[in-house]
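Note that the structure is predicted; figures quoted are calculated from it, not measured. In what follows, chains carry the letters A, B, and so on, assigned in the order in which the sequence lines appear, proteins first and then strands, with residues in each chain numbered from 1.
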2 protein chains.
Amino acid sequence: MFNTKTMDNKEKQNKEYQILIAAEQEFLTKGYDGARTTSIAKAAGVTHAMLHYYFRTKEQLFERIVDEKFATMSHSMFAIMGDPSLPIIERIKGGISAHFDFIAENPLLPRFIINEIVTRPEHYEVLYKRISLIIETIFHDLQFEVNRAAERGEMERVDVKMILISIMSMNIFTFLAYPFMEPLMGELMADRDKFLAARKAENIETIMKRIKKQ
Amino acid sequence: MFNTKTMDNKEKQNKEYQILIAAEQEFLTKGYDGARTTSIAKAAGVTHAMLHYYFRTKEQLFERIVDEKFATMSHSMFAIMGDPSLPIIERIKGGISAHFDFIAENPLLPRFIINEIVTRPEHYEVLYKRISLIIETIFHDLQFEVNRAAERGEMERVDVKMILISIMSMNIFTFLAYPFMEPLMGELMADRDKFLAARKAENIETIMKRIKKQ
DNA sequence: TTTTGCATTAACAAAATTATTAAACAACAT
DNA sequence: ATGTTGTTTAATAATTTTGTTAATGCAAAA
C-alpha cells in the first residue's frame, strides 16, 4: 500500500492515487506482461488517457510499483531479525513468526519479486545492493549471538545463512504454493487461518529442532 | 523435454519438433504473456506462418507445453516417495535427495507451474485431480510406515503431509530464489554445484532432525 | 477579468502481435 | 504425366495494446 501518512483524504481520493492502487493489484496478480494499462485505468475509474497523462508510460507506472514492492520486501526480511533483547532461541522463534505474518499480509509479494528478478534482470543491480545490506546487518548480528549461545552449550553452532534460507523457504513457499495445497491438505484447508497457523507452528518447530542442542 | 524415444532422428530435425523445443524455452522463461510466437519461430528457425500452420494458435502451442510440464511435475512429486524397500528414515532421506535432484534438472519448472496456476485458474481443475491422486498414493503409504516406525520408537509420530510440504518448500525454493541468494551466500555461491550440494545436505539434515526421536 | 496551469475528454495514431491466405513447391502414389 | 497431399513462403489482414494530441474545462493567482 502507498504511504498513507503523507496523503490527506483529498489525495487519497484523487485519480493519480486511484491509478496506483489499481496498478498495484494488476501488476501483482498478472505481472508486467500480463497487465493492461486499459484494464488498470478501468479499475481506477479513469480514462486510459489519464493514466498516460499521469505516468507517461506503462513502464514508468510499473517502476513506481516495483520500487514500493522492493521496499516492502526489505521490511519483510528485517522481520526475521527478531527482537535483539530476547534470548537467541526466543529471538529466532519470534523472527520466524514475524516474517511469516508479514508475508501473510503481503501474499502476492514473493511471486511478484521472483518473477521480476528472473524476467527483468535490469532490476537486479539495485535489488542486489539492497539485499546485501540487509543480509550483512541481520547475518552478522545473529551469527554472533548464535556463536555465543553455542559456546554456552545452549544450541548447535549452525550456519545462520543456511538457517535464514530455510526460514524464508518454508514461510514464503506456504503462500507461493497455497493453491496447490488444497488437494494435499483436505479438511484442514477449509479454514485458511487454521491452516496458516498450523504451518507457522510447523515452520517454527522445524527450525527449533534444527538449531537445538541434541 | 519431449518424448525422444518414439521420435527418430528425422523427426527430431523436423520443424514441428524444433518449434516445440523453442516454445518450451520461451514459455518457461517468459510465461504465456511474455512469450512471442515470432520469437519462438525465429528460435526454431522457421517462419512464423509455419508455427501457426502446425499449432494453429499460440494458445494451442502453449497447451502442449503445459501438458508436458504438468507431467514432469507429477514425476518430481513421485520422487519424494523414495524407495519403499528401505527403512523409513533412509527412505525419506533418499526421497528428499531424489526430489532435489529432479528439480535441479528442471529448475524452471516450479516458477512456470506456480505462475500458470495463479494466473490461469482454468488449468486448476485438471491439476487438482492429478495432484490429489499423487498425494493419496504417497501420503497413505508413507504415513503408514511412519506410524509403524513411531510405535517402534524409531522416530517421532509426525504428520507426513506437513513434512511433505516442508520438503517441497526447501527443495523448490532453492531454485525459485536462486538469483537472490548470491548476495546472501557470498563466496559459496561462486560454485553453483557446491552451493546446491550444501543446500541439499541442509534440507536433509533439517527434516531428519524434525522427524527423529528426541 | 484575464491569465496561467493543471486536469480531463474524445478521437486518433502508432506499434506490436497474432492469425490468415493464396500461391508455389515437393514428395509420392497411381 | 497427373493428381493428391502435405509443406513452405511471402504478403497481408485483424486485433490488441500502448501512446499522443488537440480541444475544453476549471479553479486559483495576478
Side-chain angles (χ1 to χ4, degrees), chain A residues 2 6-67 112 115-116 119-120 122-123, chain B residues 2 6-67 112 115-116 119-120 122-123:
Chain A
F2 296 91
T6 62
M7 268 183 185
D8 58 24
N9 257 331
K10 211 158 140 198
E11 277 178 302
K12 276 185 199 169
Q13 285 158 10
N14 78 13
K15 311 218 166 179
E16 185 172 355
Y17 183 70
Q18 292 307 319
I19 293 170
L20 279 171
I21 296 291
E24 179 177 10
Q25 176 66 16
E26 178 91 354
F27 284 129
L28 249 63
T29 52
K30 304 189 186 165
Y32 181 83
D33 294 315
R36 297 287 170 253
T37 54
T38 47
S39 157
I40 293 170
K42 197 178 168 191
V46 304
T47 65
H48 86 279
M50 282 305 296
L51 184 147
H52 287 288
Y53 172 71
Y54 280 117
F55 299 98
R56 195 96 190 126
T57 65
K58 178 184 181 180
E59 184 71 30
Q60 276 183 48
L61 176 55
F62 183 68
E63 289 298 328
R64 285 282 297 268
I65 307 299
V66 166
D67 286 349
F112 178 79
N115 281 331
E116 269 332 290
T119 64
R120 304 174 75 86
E122 64 269 22
H123 284 143
Chain B
F2 296 91
T6 61
M7 267 183 186
D8 58 26
N9 258 330
K10 211 159 145 198
E11 278 178 302
K12 275 185 200 168
Q13 287 158 11
N14 79 13
K15 312 218 165 177
E16 184 174 355
Y17 182 70
Q18 293 307 320
I19 294 170
L20 279 171
I21 295 291
E24 178 177 10
Q25 176 67 14
E26 178 91 355
F27 284 128
L28 250 64
T29 53
K30 305 189 186 165
Y32 181 83
D33 295 316
R36 296 288 170 253
T37 54
T38 47
S39 156
I40 292 170
K42 197 177 170 192
V46 304
T47 66
H48 85 279
M50 281 306 295
L51 184 148
H52 287 286
Y53 171 72
Y54 280 116
F55 298 98
R56 195 89 190 136
T57 65
K58 180 184 182 183
E59 184 70 32
Q60 275 183 50
L61 177 55
F62 183 68
E63 289 297 329
R64 284 283 295 266
I65 307 298
V66 167
D67 285 349
F112 178 79
N115 282 330
E116 270 331 290
T119 64
R120 302 172 76 85
E122 64 270 20
H123 284 142

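Side-chain N/O atoms of B/H52 include none lying less than 4.0 angstrom from OP1 or OP2 on C/dT20.
Per the geometry, NZ belonging to A/K42 stands 14 Å off P belonging to D/dT18, to the nearest Å. Straight-line distance from the CD atom of A/E26 to the P atom of D/dT17: 11 Å, rounded to whole Å. Here the P atom of nucleotide C/dT18 and the CG atom of B/L51 are 9 Å apart, to the nearest Å.
Distance check, rounded to the nearest 0.5 Å: NE2 of A/H48 to CG of A/L51 gives 8.5 Å. Note that OH of B/Y53 and CD of B/E16 are 9.5 Å apart. Values are rounded to the nearest 0.5 Å. Within the model, atoms CZ of B/R120 and CG of B/D33 stand 7.0 Å from one another, a figure rounded to the nearest 0.5 Å. Put simply, CD on B/E26 and CD1 on B/I19 are 13.0 Å apart, with the number rounded to the nearest 0.5 Å.
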Should B/T29 and B/F112 be marked as a side-chain contact (heavy atoms from CB on, under 4.5 Å) after you check the CA-CA gap, both sets of side-chain angles, and the distance that decides it? CA-CA 8 Å; B/T29 53; B/F112 178 79; over 6 Å; no
Show the numbers, then the answer: is there a side-chain contact (heavy atoms from CB on, under 4.5 Å) between A/L20 and A/F55? CA-CA 10 Å; A/L20 279 171; A/F55 299 98; 3.8 Å; yes
Set out, in order, the CA-CA distance, both residues' side-chain angles and the distance that settles side-chain contact (heavy atoms from CB on, under 4.5 Å) for B/I40 and B/L61, then state yes or no. CA-CA 10 Å; B/I40 292 170; B/L61 177 55; 4.2 Å; yes
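For B/Q60, there are no side chain to side chain donor-acceptor pair (under 3.5 Å) partners, not counting sequence neighbours.
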I need a per-nucleotide contact map over nucleotides 9-15 of chain D, read 5' to 3'. Cutoff is protein heavy atoms under 4.0 Å; write B for the base, S for backbone only, - otherwise. BB-----
Nucleotide-resolved protein contact map, nucleotides 24-29 of chain D, B/S/- at heavy-atom distance under 4.0 Å: ------
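Ring-centre distance between A/F62 and A/F27: below the 6.0 Å cut-off.
Minimum interatomic distance between A/A43 and A/A22 (heavy atoms only, all atoms of both residues): CB-CB, 3.9 Å.
Heavy-atom distances under 4.0 Å link DNA chain C to no residue of residues 28-40 of chain A. Interface residues of residues 54-62 of chain B facing DNA chain D, ordered by number: B/Y54; criterion, heavy-atom separation under 4.0 Å.
The shortest side-chain heavy-atom distance between B/V66 and B/H123 falls under the 4.5 Å cut-off.
With 3.5 Å as the limit, one finds no donor-acceptor pair spanning the side chains of A/E116 and A/Y32.
Applying the salt bridge (charged side-chain N to carboxylate O under 4.0 Å, His left out) test to pairs two or more places apart or on separate chains, none has a residue in residues 34-58 of chain B.
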